[in-house]
Asker: 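Let me begin by handing over the structure; questions about it come next.
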Amino acid sequence: MIFPVSGRKVPILGKFTEKKMHRYRTHTCGELRKEHVDQTVKVSGWINSVRDHGGVIFIDLRDHYGLTQVVIDPSRPFYKGIEHWRVETTICFTGNVVARVPETVNPKLATGDIEIVADEMEILGESNVIPFLVAKDEECNETLRLQYRFLDLRRQSLHSNLILRSNVIARMRELMVANGFMEMQTPILTSSSPEGARDYLVPSRVHPGHFYALPQAPQQFKQLLMTSGFDRYFQIAPCFRDEDARADRSPGEFYQLDMEMAFATQDDVFEVNEDVLHKLFTEFSDKKVDDLPFVRVPFLEAMDKYGTDKPDLRNPLILQDCSEIFRDCGFKAFAGVVASGGVVKTIAAKGCADRSRKFFDDMIVFAQSVGAKGLGYLRWIDGEVQSPIAKFLSEDEIARLKELGQVGDGDVMFFIADKARTATEIGAAVRNELGVRLELIADDVFRFCWIVDFPMYELDDEGKVEFSHNPFSMPQGGMDDLLNKDPLDILAYQYDIVCNGVELSSGAVRNHSPELMVKAFEIAGYDKSVVEAKFPALYRAFQYGAPPHAGIAPGVDRIVMLLANEPNIREVIAFPMNQKAQDLLMGAPGQVEHKQLRELHLEIKLPKKVEQEMGEQA
RNA sequence: GGGGGUGUAGCUCAAUUGGUUAGAGCACCAGCCUGUCACGCUGGGGGUUGCGAGUUCGAGUCUCGUCACUCUCGCCA
C-alpha cells in the first residue's frame, strides 16, 4: 500500500507496468503522475470512498498499489447509471489524466497531482454493505475480522504487513543463498514424532489403523540431508503443532527459516544467523539493531540475572541474590525463607523512590497476581530509608543491601523471598512489570542475545532425569561427560536466539554419534531399543558416516511480527486461526461425510458432554 | 483444564450511586449540494444491552450460571 507506517520502512512494492490498452487497466492506482497528463488511461480497483457533491462526484479508487481520484461529471451517461456508488465495489474507469489546479492538489496522495476524468465506467463486482470499514484501520471485533478475512486483508495495516512479510521472506532466501545454502523441500505427510508437542494426525486409507503426522519441524529430515552430503540446507518450512495459542504463537501451523550446516560448530551457526538477522532487521526497520556479534549469555547467568531464558535486554533491571544478607536478619518472614532453603532476590530500581503509594501498592498486587506472597521494598528518600520492613533490619544489613544494589538517594530496592524456582519466576515477571511501569524499555531498538550452554538434562516433576531440550543435542564434554558427570551438570551445545524478550528460535549442535546417542538416552532412562524404535532413520543413518552438523530455525512469523511492530502474530498471517484453532472463514475443522470416515476405517466416539449437546441440537 | 479482561445499533464507543423513552460518531436509507479528498448539510431506519436465572418497586449497571472473543498458566523435543 502507499501509506508509510510509522516505525517501519515503507515496503517495496512489486512493479506493475502494463502500457498497452488492456481489458482492465493501463495503469495501477498508485502510478499516475504529472507526466501522464493528457493520456487516456484505464484503471480498475475498489471504491475506497465517494464524495458526491450533487453535481460532480469524486471517487477514490484503490488497488494494491495506491489510490487515485476519479472525477465524474454530471454530463457523463453513467452518472445516474448505478444506484449506489457503494464502497468496496470493484469498478473500471477509462478517462483522461488531468493536472489538478494547485489549490486542489492532495499532498497526502502519491497520485495527488493528478486525477482521472472518467469517460467510461464498468462495474466489475458489486459489493454488499460491508460489515466493517475497510478504508479506516480501526479496532474491530476479532471474530468478524476472521470471518471476513478477505476484507480485513484489504485494510492498510494487514495489507502492508503481508507485503512486508513477502519482502522479508524474499530477502531471507537471497541471504541464505548468498551464504551458500540450498533450499530443499521435505515431506508434509510424515511419521509421528515421539516427543515434543502433540502431533496433527492424518489417517491412512491404505493402511487401516495407521496414521501420518504433520511435521512439527523438519528436524530429522534436515539431519538426514546432512548425512546425505548436502552441506548447507535451508527451507521456509511449515511446522505443525497441536498446542494452545498465545499472542506470539498461532495455533496449528507456523513457519521457520529452517537451516542445518554440515561440519559446523556452534560459532558457524551464530555467524550465519547474525549476518541474516542483522541484515533483515536493519533493512526492514528503522529501529537500531545491536552491533555484531550479538551478546552471548550462558543459560545459568540468564536465569540468575533475568529469571528467564528469554530476557528482554532493553530492560536495564537485573535480579540479584541477597539471601545471605537476610539469613540472620530480624525480618522473620525473609529469614525464615532463607533458613528453609529459599532465596531472597532483589531488583534495584533507580530514581523511583518518589513514586506514589499507589505505585508500590500496585506492584505488590501485581507480584501477588503472579504467585508472590508479597513484594518487599526499601526506599531511600532524603538520606532516610523508608519501608515497612526497615525497622526489622540493622544498619549494617541496610548498608550491605545498599552496596549490593549500588543505590542511593531516590532509589528503591524490591525484594522477593521464596523457593528458588518460584522467586526466579516471580522475579522475572516483576522485572518486566517494573520495566514497563517505569518506562525503562526503549521501543526504538532491537536487542539481541544468544542464550548458550543449556543444561542437557533436568529433573521432571517426579524427580526423574529427562532431556531438558531436544535429545538430538550434543553434550559439550562428549562421552567423557556422559560417563563421569552428574547428569544435571552436563551442558549441551544448545542455544536460543532472543530478540527483545521474544524467543526467535532454539538450535543445537547435533549429536551425530550413535554411541553418544545411546548413552545420552540411557541417562534419561531409555535403552538402546528405544532409540532404534523411535528414531530409526537417524539412528541407522548415523551408522554410515555422519558429518558433525548443527542448525537452528528462527521463527518467520515472529521475525515479521517484530519488524511490523505488531503485538499479535495474527497480524502478520494472511489466514490465521482463532485461539481455539478454528478457521472461521473456511469453517475448519469441520465434520466429514460418513463415506470418508469409512474409507479411512475410522469411527467417531464423542466425549459424553459433546454427545449430549449434539443430541440437544438435533 | 485453571485464572484475568471484554461483551450495549452493522462497526467503534458512551450511559453518574441501580432510576424517564439506552445515546454519539462512522456505516446504511431518503433528500439537498459542481472541487471535495475521512466532503458538507437535513431527515430517517436500526437495540431481547451475548444468553439464562436471581436480588430489587425498578437491572445495561449488582449476584450466580453459561456462551463467545481475548490475554495468560498448564502445554510448547
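Just the heavy atoms: all of them, side chains too, but no hydrogens, waters or symmetry mates, feed the values below. The sequence lines fix the lettering, A, B, ..., with proteins before strands; numbering per chain opens at 1. Small disclaimer: the values here were computed from a predicted structure and weren't measured.
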Asker: Find which nucleotide of RNA chain B each of A:Phe467 and A:Glu115 is nearest to by heavy atoms, and output the residue with the more 5' nucleotide.
Answerer: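 This one resolves to A:Glu115.
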Asker: Find the partner of B:U42: check Watson-Crick (N1-N3 plus N6-O4 or O6-N4) and G-U wobble (N1-O2, O6-N3) distances, both under 3.5 Å, and reply none if neither fits.
Answerer: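 Answer to the pairing question: B:A30, which forms a Watson-Crick or G-U pair with B:U42.
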Asker: From B:C76, B:U34, B:C33, pick the nucleotide closest to the side chain of A:Ala197?
Answerer: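 Within the option list, the nearest is B:C76.
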Asker: What is the separation between atom CD on A:Glu142 and atom C1' on B:C67, rounded to the nearest whole Å?
Answerer: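 Those two atoms, CD and C1', are 18 Å apart.
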Asker: Taking only the side-chain nitrogens and oxygens of A:Lys108, find out if one of them lies under 4.0 Å from OP1 or OP2 of B:A38.
Answerer: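 Yes, A:Lys108 has a side-chain N/O under 4.0 Å of OP1/OP2 on B:A38.
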Asker: Under a 3.5 Å limit for both distances, which nucleotide forms a Watson-Crick or G-U wobble pair with B:A24, could you say?
Answerer: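 Across all strands, the one nucleotide that pairs with B:A24 is B:U12.
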Asker: Provide, to the nearest angstrom, the distance between the CD atom belonging to A:Gln256 and the P atom belonging to B:C76.
Answerer: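 Whole-Å distance recorded here is 16 Å.
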Asker: For A:Ala217, answer base if it contacts any base atom (sugar-phosphate contacts may also be present), sugar-phosphate if it contacts only those atoms, and nothing otherwise; contact means non-hydrogen atoms under 4.0 Å.
Answerer: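 Here A:Ala217 touches the bases of the nucleic acid.
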Asker: Are B:U36 and A:His53 stacked, with the base six-membered ring and the side-chain ring centres under 5.5 Å apart and planes under 30°?
Answerer: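 It does not: the two rings, one from A:His53 and one from B:U36, miss the stacking criterion.
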Asker: Looking at B:A77, B:C76, B:U70, which one has an atom nearest to any side-chain atom of A:Glu243?
Answerer: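 Selected nucleotide (nearest to the side chain): B:C76.
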Asker: So does A:Lys580 get a side-chain nitrogen or oxygen closer than 4.0 Å to the phosphate oxygens (OP1/OP2) of B:A68?
Answerer: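 For B:A68, OP1 or OP2 has a side-chain N or O of A:Lys580 closer than 4.0 Å.
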Asker: Pick the closest RNA chain B nucleotide for A:Asn106 and for A:Glu425 by heavy atoms, then say which residue is nearer the 5' end.
Answerer: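 Its nearest nucleotide lies further toward 5', so the answer is A:Asn106.
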Asker: Excluding sequence neighbours, so at least two apart, what forms side chain to side chain contact (heavy atoms under 4.5 Å, CB included) with A:Thr308?
Answerer: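 By the side chain to side chain contact (heavy atoms under 4.5 Å, CB included) rule, A:Thr308 matches A:Tyr306, A:Lys310, A:Pro311, A:Ala428.
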Asker: What does B:U6 pair with, Watson-Crick or G-U, if both distances are under 3.5 Å?
Answerer: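 Paired with B:U6, as far as the under-3.5 Å criterion goes, is B:A68.
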Asker: Does a side-chain N or O of A:Ser49 approach OP1 or OP2 of B:C39 to a distance below 4.0 Å, or not?
Answerer: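 For A:Ser49, the contact criterion (side-chain N or O under 4.0 Å from OP1 or OP2 of B:C39) is met.
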Asker: With rounding to whole Å, what would you report as the distance between B:G65 and B:C75 at their C1' atoms?
Answerer: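 Per the computed distance, 28 Å lies between those C1' atoms.
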Asker: What is the separation between atom CD on A:Glu503 and atom C1' on B:A77, rounded to the nearest whole Å?
Answerer: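 Answer to the nearest Å: 12 Å.
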Asker: Between A:His27 and A:His36, how do the two ring planes meet: parallel, tilted or perpendicular, split at 30° and 60°?
Answerer: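 A:His27 and A:His36: perpendicular rings.
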Asker: If I take atom CG in residue A:Asn141 and atom C1' in nucleotide B:U70, what distance separates them, rounded to the nearest angstrom?
Answerer: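 A:Asn141 atom CG is separated from B:U70 atom C1' by 10 Å.
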Asker: Can you check the distance between B:C67 and B:C57, where both ends of the measurement are the P atom (answer in whole Å)?
Answerer: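 Nearest-Å result for B:C67 against B:C57 at atom P: 32 Å.
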Asker: Between C1' on B:U70 and CZ on A:Arg145, what's the gap in Å once rounded to a whole number?
Answerer: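 So the two atoms are 12 Å apart, to the nearest Å.
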Asker: To the nearest 0.5 Å, what is the distance between CG on A:Asn432 and CZ on A:Phe366?
Answerer: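 Taking CG in A:Asn432 and CZ in A:Phe366, the distance rounds to 7.5 Å.
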Asker: Using every non-hydrogen atom in the two residues, find where A:Val269 and A:Asn273 come nearest and quote the distance to one decimal.
Answerer: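 Shortest heavy-atom contact: O-ND2, 2.8 Å.
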Asker: With a 4.0 Å limit, can you tell me whether A:Arg510 has a side-chain N or O closer than that to the phosphate oxygens OP1/OP2 of B:A77?
Answerer: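 Indeed not, no polar side-chain atom of A:Arg510 lies that close.
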Asker: Only pairs with both distances under 3.5 Å count, Watson-Crick or wobble alike; so what is the partner of B:C75 in this structure?
Answerer: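 Check on B:C75: unpaired, no WC or wobble geometry under 3.5 Å.
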Asker: How far does the C1' atom of B:C28 sit from the matching atom of B:G46, given to the nearest Å?
Answerer: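 Per the computed distance, 9 Å lies between those C1' atoms.
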Asker: OP1, OP2 of B:U72 versus side-chain N and O of A:Arg249: anything below 4.0 Å?
Answerer: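 For A:Arg249, the contact criterion (side-chain N or O under 4.0 Å from OP1 or OP2 of B:U72) is not met.
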Asker: Please state the C1' separation for the pair B:G40 and B:G25 - nearest whole angstrom.
Answerer: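 These two C1' atoms come out 15 Å apart once rounded.
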Asker: Check step by step if side-chain contact (heavy atoms from CB on, under 4.5 Å) holds for A:Phe535 and A:Phe542.
Answerer: CA-CA 11 Å; A:Phe535 307 102; A:Phe542 288 174; over 6 Å; no
Asker: So what does A:Gln216 hit on the nucleic acid, given a heavy-atom distance under 4.0 Å: a base, only sugar-phosphate, or nothing?
Answerer: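 Counting heavy atoms under 4.0 Å across all strands, no contact is made by A:Gln216.
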Asker: Which part of the nucleic acid, if any, lies within reach of A:Glu466 when heavy atoms closer than 4.0 Å are counted: base, sugar-phosphate only, or nothing?
Answerer: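 The residue A:Glu466 makes no contact with any strand.
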Asker: For A:Arg62 and A:Gln156, which I'm curious about, is there any donor-acceptor pair between the side chains at under 3.5 Å?
Answerer: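 Their side chains do not contain a donor-acceptor pair, so the 3.5 Å distance test is not met.
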Asker: How is A:Gln69 classified with respect to the nucleic acid when contacts are heavy atoms under 4.0 Å: base, sugar-phosphate, or nothing?
Answerer: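 Result for A:Gln69 = base.
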Asker: Roughly, in whole Å, what's the span from CG in A:Leu504 to C1' in B:C76?
Answerer: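 To the nearest whole Å, that distance equals 16 Å.
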Asker: Within the structure, does a side-chain N or O atom of A:Asn568 lie under 4.0 Å from either OP1 or OP2 of B:C71?
Answerer: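 A:Asn568 to B:C71 OP1/OP2: side-chain N or O found under 4.0 Å.
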Asker: Does OP1 or OP2 of B:A77 have a side-chain N or O of A:Gln494 closer than 4.0 Å?
Answerer: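 Looking at the OP1 and OP2 atoms of B:A77, neither is under 4.0 Å from any side-chain N or O of A:Gln494.
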Asker: Does NZ or CZ of A:Lys534 lie under 6.0 Å from the centre of the six-membered ring of A:Phe472, at an angle within 45° of the ring axis?
Answerer: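 Geometry flag: not set, cation outside 6.0 Å or 45°.
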Asker: Taking only the side-chain heavy atoms of A:Phe58 (C-beta and beyond), determine which of B:U36, B:A77, B:G1 contains the nearest atom.
Answerer: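 Among B:U36, B:A77, B:G1, the one nearest the side chain of A:Phe58 is B:U36.
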Asker: In whole Å, measure the gap between the C1' atoms of B:G47 and B:G60 for me.
Answerer: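 Nearest-Å result for B:G47 against B:G60 at atom C1': 11 Å.
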Asker: Taking the minimum atom-to-atom distance to the side chain of A:Arg246, which one of B:C11, B:G74, B:G10 wins?
Answerer: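 Of the options given, the side chain of A:Arg246 lies nearest B:G74.
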Asker: Rounding to an integer number of angstrom, what distance separates B:G10 and B:U72 when you compare their P atoms?
Answerer: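 Taking atom P in both B:G10 and B:U72, they lie 30 Å apart.
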Asker: A:Ile130 CD1 to B:C26 P: how many Å, rounded?
Answerer: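 Interatomic distance, CD1 of A:Ile130 to P of B:C26: 15 Å.
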Asker: So what does A:His469 hit on the nucleic acid, given a heavy-atom distance under 4.0 Å: a base, only sugar-phosphate, or nothing?
Answerer: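 Result for A:His469 = sugar-phosphate.
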Asker: Could you give the distance separating B:G35 and B:U12 at their C1' atoms, to the nearest angstrom?
Answerer: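 Their C1' atoms lie roughly 30 Å apart.
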Asker: Charged N to carboxylate O below 4.0 Å: is that the case for A:Arg249 and A:Glu503?
Answerer: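 Salt bridge: no.
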Asker: Using the side-chain heavy atoms of A:Asn578, tell me which of these nucleotides is nearest: B:U12, B:C69, B:C26.
Answerer: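 Among B:U12, B:C69, B:C26, the one nearest the side chain of A:Asn578 is B:C69.
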Asker: Return the nearest nucleotide to the side chain of A:Asp244; candidates are B:C11, B:C71, B:C75.
Answerer: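 Taking heavy atoms from C-beta onward, the closest nucleotide is B:C75.
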Asker: What nucleic acid atoms does A:Ile57 come within less than 4.0 Å of, heavy atoms only: base, sugar-phosphate, or nothing?
Answerer: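 No contact.
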Asker: Which value, in whole Å, describes the distance between the P atoms of nucleotides B:U20 and B:U61?
Answerer: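 One P to the other, the span is 14 Å.
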Asker: Which nucleotide, B:A68, B:C11, B:C13, lies nearest any side-chain atom of A:Thr143?
Answerer: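 Of all the options, the side chain of A:Thr143 is nearest to B:A68.
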Asker: For B:C62, which nucleotide in any strand shown is its Watson-Crick or wobble partner with both distances under 3.5 Å?
Answerer: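 B:G54 is the nucleotide pairing with B:C62.
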Asker: What do the steps show when you test A:Gln476 against A:Asp453 for side chain to side chain donor-acceptor pair (under 3.5 Å), and what is the final call?
Answerer: CA-CA 8 Å; A:Gln476 291 196 4; A:Asp453 300 339; 2.8 Å; yes
Asker: Nearest whole Å is fine: how far is B:C76 P from A:Asp199 CG?
Answerer: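 These atoms are roughly 12 Å apart.
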Asker: Does the side chain of A:Arg51 get closer than 4.0 angstrom to OP1 or OP2 of B:C41 through an N or O atom?
Answerer: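 So the side-chain polar atoms of A:Arg51 never come under 4.0 Å of the phosphate oxygens OP1 or OP2 of B:C41.
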Asker: Indicate whether OP1 or OP2 belonging to B:U70 is found under 4.0 Å from a side-chain N or O atom of A:Arg570.
Answerer: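 The answer is yes; a side-chain N or O of A:Arg570 sits under 4.0 Å from OP1 or OP2.
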Asker: Counting the atoms with a prime plus P, OP1 and OP2 as sugar-phosphate, which does A:Arg198 contact under 4.0 Å by heavy atoms, base, sugar-phosphate, or nothing?
Answerer: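 Result for A:Arg198 = nothing.
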Asker: Examine B:C71: is either OP1 or OP2 under 4.0 Å from a nitrogen or oxygen in the side chain of A:Gln579? Give yes or no.
Answerer: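 Yes, because at least one side-chain N or O of A:Gln579 sits under 4.0 Å from OP1 or OP2 of B:C71.
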Asker: Of the nucleotides B:C69, B:C76, B:A38, which one has an atom closest to the side chain of A:Gln582?
Answerer: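 Output: B:C69.
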Asker: Counting distance only, does the side-chain N/O of A:Asp362 pair as donor-acceptor with the main-chain N or O of A:Val365 below 3.5 Å?
Answerer: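 It does not hold such a pair.
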